[in-house]
Amino acid sequence: MKNIVLLGASGSIGTQTIDVVLHHSEKFRIIGLSVGHNIPKLKEILSQVNTVRYVSVADAQHLSELEELYPDITFYSGDEGLVKLAKLTDYDIFVDAVVGFRGLLPCLEAINNGKDIALANKESLVAGGPLVKEALKRNKVRLYPIDSEHSAILQCLQGNDKKEVDKLIVTASGGSFRDKSREELKDVTVEQALKHPNWSMGAKITIDSASMMNKGLEIIEAHHLYGLPLERIGVLVHPQSLVHSLVEFEDGSLMAQAGTPDMRMPIAYCLAWPLCLDAGVPPLDLARSGALTFEEPDLHSFPCLELACRTIGKGSALPVALNAANEVAVEAFLSGRIGFMDIPDIIGRALDECSAPDPASLEAIETLDHETRLRVGLWIEKV
Ligand code: MG
């Protein structure tokens, strides 16, 4: 029996993690979880999952009501609550599925607490990659990527440790606007951007997917997870989202991992590693799936991809600025304050103006993140 702490339980990855756990309740048990502001969803989760003993919510004002309703559960709140969950002792694996930079601190706390990590929060690896890797090594714990692309790469590498890897090839769906030109992208709406053709995900990652920043963040993630330089990590647009990524070996052969686009598969892989579990996902029927196509990404229409790649191998400050500027810009786009193509403009400017030294501690990363957010917020007011 593996005990699990799950951050971001009400989100897309969170609810699918709960689904996998309930599918295998003889193997997994959620003992702690966090949600943001969605208290009705929390109550629904607690009616399904009866093993939860610790819960953290975003806002302390809900605590007294919840404590009265669930006297057997210990409640926490705020970012401090996420840290308290990370510091619990009686669990085995920490699933970090909160959105954004706020996932970094609890991730580090869980690693320093000696717990294995199943990471869906890519922003923490983007902004704190070197720090996270150093903590993993020092505490001798493992990090399993929930992201479908990195899970695919991990699966392709299994059993191939004697072969020399030439290249990682990350596939991209191309998001909601795959066929649009740069000119057409200037006038797209939030509603259009939120319609992802293949994956059902939260708003932030769906916008990142539409701008292809998601792929940029994933290249940074792959660079940290698998230790390859930028020139040995490629991207292929694969609109069907059935091949989740590939590894090219020195003899020129490619290993690919394919499957139905359903996040329960990579989630189950993380939880059960190195075993393979039925995640409740129907197998992919290649005879019925139609043609699989692959093409080069259009960097002119989707400059976010190039902006993310620009930060790799140039120290640890630029990725922090990239991530902070992107989070603020995506929020501004979602609330209608800026246009879609303002997102890459704002991020490009944040990178150009970032002259901070490489942050060597979590505090320094948090300071740079905060300063970038303030600066970008001022630019947005003037858009
Ligand atoms: Mg992904």
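These values consider heavy atoms only, across backbone and side chains, with no hydrogens, waters or symmetry-generated copies.
- Electrostatic pairing of Lys122 and Asp147 counts as a salt bridge here, judged by a charged N lying under 4.0 Å from a carboxylate O.
- In summary, the aromatic rings of Phe333 and Phe340 are positioned with their centroids under 6.0 Å apart.
- A donor atom on one side chain and an acceptor atom on the other are not found under 3.5 Å apart for Asn214 and Ser209.
- Side chains of Val5 and Leu33 form no contact here, defined as non-hydrogen atoms less than 4.5 Å apart.
- In plain terms, the two heavy atoms of Gly175 and His196 that are nearest each other are CA-NE2, 3.8 Å.
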- Message: Please evaluate residues Ile205 and Val99 with respect to the criterion side-chain contact (heavy atoms from CB on, under 4.5 Å), reporting the C-alpha separation (whole Å), side-chain torsions for both, the decisive distance (0.1 Å), and the verdict.
- Response: CA-CA 8 Å; Ile205 187 170; Val99 179; over 6 Å; no

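- Of the N and O atoms on the side chains of Ser289 and Gln240, not one donor lies less than 3.5 Å from an acceptor on the other residue.
- Ring geometry for Phe94 versus Tyr91: interplanar angle of 30 to 60°, hence tilted.
- Checking side-chain atoms of Asp166 against main-chain N and O of Glu248 turns up no donor-acceptor pair under 3.5 Å.
- In terms of heavy-atom proximity, Leu228 sits nearest to His223 at O-ND1, 2.8 Å.
- Under the 6.0 Å distance and 45° angle rule, Lys163 counts as a cation-pi partner of Phe249.
- Between the side chains of Glu331 and Ser335, not a single donor N or O lies within less than 3.5 Å of an accepting N or O.
- Taking the side chain as every heavy atom from C-beta outward, Asp90 and Leu88 approach each other to under 4.5 Å.
- Looking only at distances, a side-chain donor or acceptor of His238 sits under 3.5 Å from a matching main-chain atom of Val243.
- With a 4.5 Å cut-off on side-chain heavy atoms, Met263 and Ser148 count as touching.
- Remark: side-chain polar atoms of His244 are not paired, donor with acceptor, to backbone N or O of Ala256 under 3.5 angstrom.
- Surrounding CZ of Arg102 are at most 12 heavy atoms belonging to other residues, nucleotides or ligands under 6.0 Å away.
- At distances below 3.5 Å, not a single donor-acceptor pair connects side-chain atoms of Tyr76 with backbone N or O atoms of Ala60.
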- Evaluate the side-chain contact (heavy atoms from CB on, under 4.5 Å) criterion for residues Val320 and Val126: first the C-alpha distance (whole Å), next the side-chain angles of each, then the deciding distance (0.1 Å), finally the verdict. CA-CA 7 Å; Val320 178; Val126 168; over 6 Å; no

- Yes or no on side-chain contact (heavy atoms from CB on, under 4.5 Å) for Ile346 and Trp379, after CA distance, side-chain angles and deciding distance? CA-CA 8 Å; Ile346 286 165; Trp379 301 338; 4.3 Å; yes

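- The number of heavy atoms from other shown groups lying within 6.0 Å of CD (Glu26) is above 12.
- Side-chain N or O atoms of Asn323 include none that pairs as donor or acceptor with a backbone N or O of Pro319 at under 3.5 Å.
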- Task: Apply salt bridge (charged side-chain N to carboxylate O under 4.0 Å, His left out) to Arg178 and Asp298, showing your working.
- Result: CA-CA 9 Å; Arg178 182 170 49 88; Asp298 172 359; over 6 Å; no

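- Under the side chain to side chain contact (heavy atoms under 4.5 Å, CB included) test applied with Leu119, the options Pro145, Cys270, Cys107 reduce to a single match, Cys107.
- Residue Ile219 comes nearest to Cys309 through the heavy atom pair CD1-SG, 3.9 Å, listed as atom of the first residue, atom of the second, then distance.
- When all heavy atoms of Gln257 and Cys156 are compared, the closest pair comes out as N-SG, 3.7 Å.
- Between Asp345 and Arg349 there is no salt bridge, since none of the side-chain N atoms of the basic residue sits less than 4.0 Å from a carboxylate O of the acidic one.
- A salt bridge does not link Asp342 with Arg337: none of the charged nitrogens is closer than 4.0 Å to a carboxylate oxygen.
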- Message: Quick one, Glu363 with Thr367, criterion side chain to side chain donor-acceptor pair (under 3.5 Å). Give me CA distance, side-chain angles, the key distance, then yes/no.
- Response: CA-CA 6 Å; Glu363 293 69 32; Thr367 305; over 6 Å; no

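- Checked for salt-bridge contact, Lys215 and Glu149 meet the test: a charged N lies under 4.0 Å from a carboxylate O.
- Using a 4.5 Å heavy-atom cutoff, the side chains of Val83 and Leu105 are in contact.
- One finds the CD1 atom of Ile73 at 11.5 Å from the CD1 atom of Ile31 (value rounded to the nearest 0.5 Å).
- Atoms CG and CG, on Asn198 and Asp262 in that order, are 12.5 Å from each other to the nearest 0.5 Å.
- Exactly one residue among Val55, Leu42, Leu46 makes a side chain to side chain contact (heavy atoms under 4.5 Å, CB included) with Tyr70. That residue is Leu46.
- Asn121 places no side-chain N or O within donor-acceptor distance of the main-chain N or O of Ala97, the cut-off being under 3.5 Å.
- Summarising the geometry, atom CG belonging to Leu125 is positioned 9.5 Å from atom CG belonging to Leu104; distances are rounded to the nearest 0.5 Å.
- A salt bridge links Glu123 to Lys204: one of the charged nitrogens lies within less than 4.0 Å of a carboxylate oxygen.
- Of the possible polar contacts, none joining the Ser34 side chain to the Leu7 backbone as a donor-acceptor pair under 3.5 Å is found.
- Ion pair Arg310/Asp352 flagged as a salt bridge, since at least one NZ, NE, NH1 or NH2 atom sits closer than 4.0 Å to an Asp/Glu carboxylate oxygen.
- Side-chain atoms of Gln155 and Ser151 form a donor-acceptor pair, as typed in the model, at a separation below 3.5 Å.
- Screening Asn50, Asn3, Asp92 against Arg29 for a side-chain hydrogen bond (donor to acceptor under 3.5 Å, both in side chains) leaves a single residue, Asn3.
- Ion pairing between Arg375 and Glu371 fails under the 4.0 Å rule for side-chain N and carboxylate O.
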- Message: side-chain contact (heavy atoms from CB on, under 4.5 Å) for Lys84 and Lys87? Distances and angles first, verdict last.
- Response: CA-CA 5 Å; Lys84 289 208 166 119; Lys87 285 183 165 172; 5.8 Å; no

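- For Glu68, the CD atom counts as loosely surrounded, since its 6.0 Å shell holds 12 or fewer non-hydrogen atoms of other residues, nucleotides or ligands.
- When the shell of 6.0 Å around CD of Glu353 is examined, it contains more than 12 heavy atoms from other residues, nucleotides or ligands.
- Atoms CD1 and CD1, from Ile30 and Ile93 in turn, are 11.5 Å apart once rounded to the nearest 0.5 Å.
- Between the side chain of Ser245 and the main chain of Ile153, no donor-acceptor pair closer than 3.5 Å is present.
- For the residue pair Thr189 and Gln192, a side-chain donor N or O sits within less than 3.5 Å of a side-chain acceptor on the partner.
- With hydrogens and angles ignored, the 3.5 Å screen pairs no side-chain donor or acceptor of Glu134 with any backbone N or O of Pro130.
- Contact detail for Ser316 and Asp358: the closest heavy-atom pair is N-OD1, 3.0 Å.
- Between Lys167 and Glu250, none of the side-chain N atoms (NZ, or NE/NH1/NH2) sits under 4.0 Å from a carboxylate O, so this pair counts as no salt bridge.
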- Could you give me the CA-CA distance, side-chain angles and deciding distance for Arg373 and Asp369, then say whether salt bridge (charged side-chain N to carboxylate O under 4.0 Å, His left out) is met? CA-CA 6 Å; Arg373 282 169 198 268; Asp369 173 81; 2.8 Å; yes

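- No side-chain donor-acceptor contact under 3.5 Å links Glu44 to the backbone of Pro40.
- Side chains of Ser253 and Asp251: a donor-acceptor N/O pair is present below 3.5 angstrom, by distance only.
- Closest approach of Phe75 and Leu66 over heavy atoms only: CE1-O, 3.6 Å.
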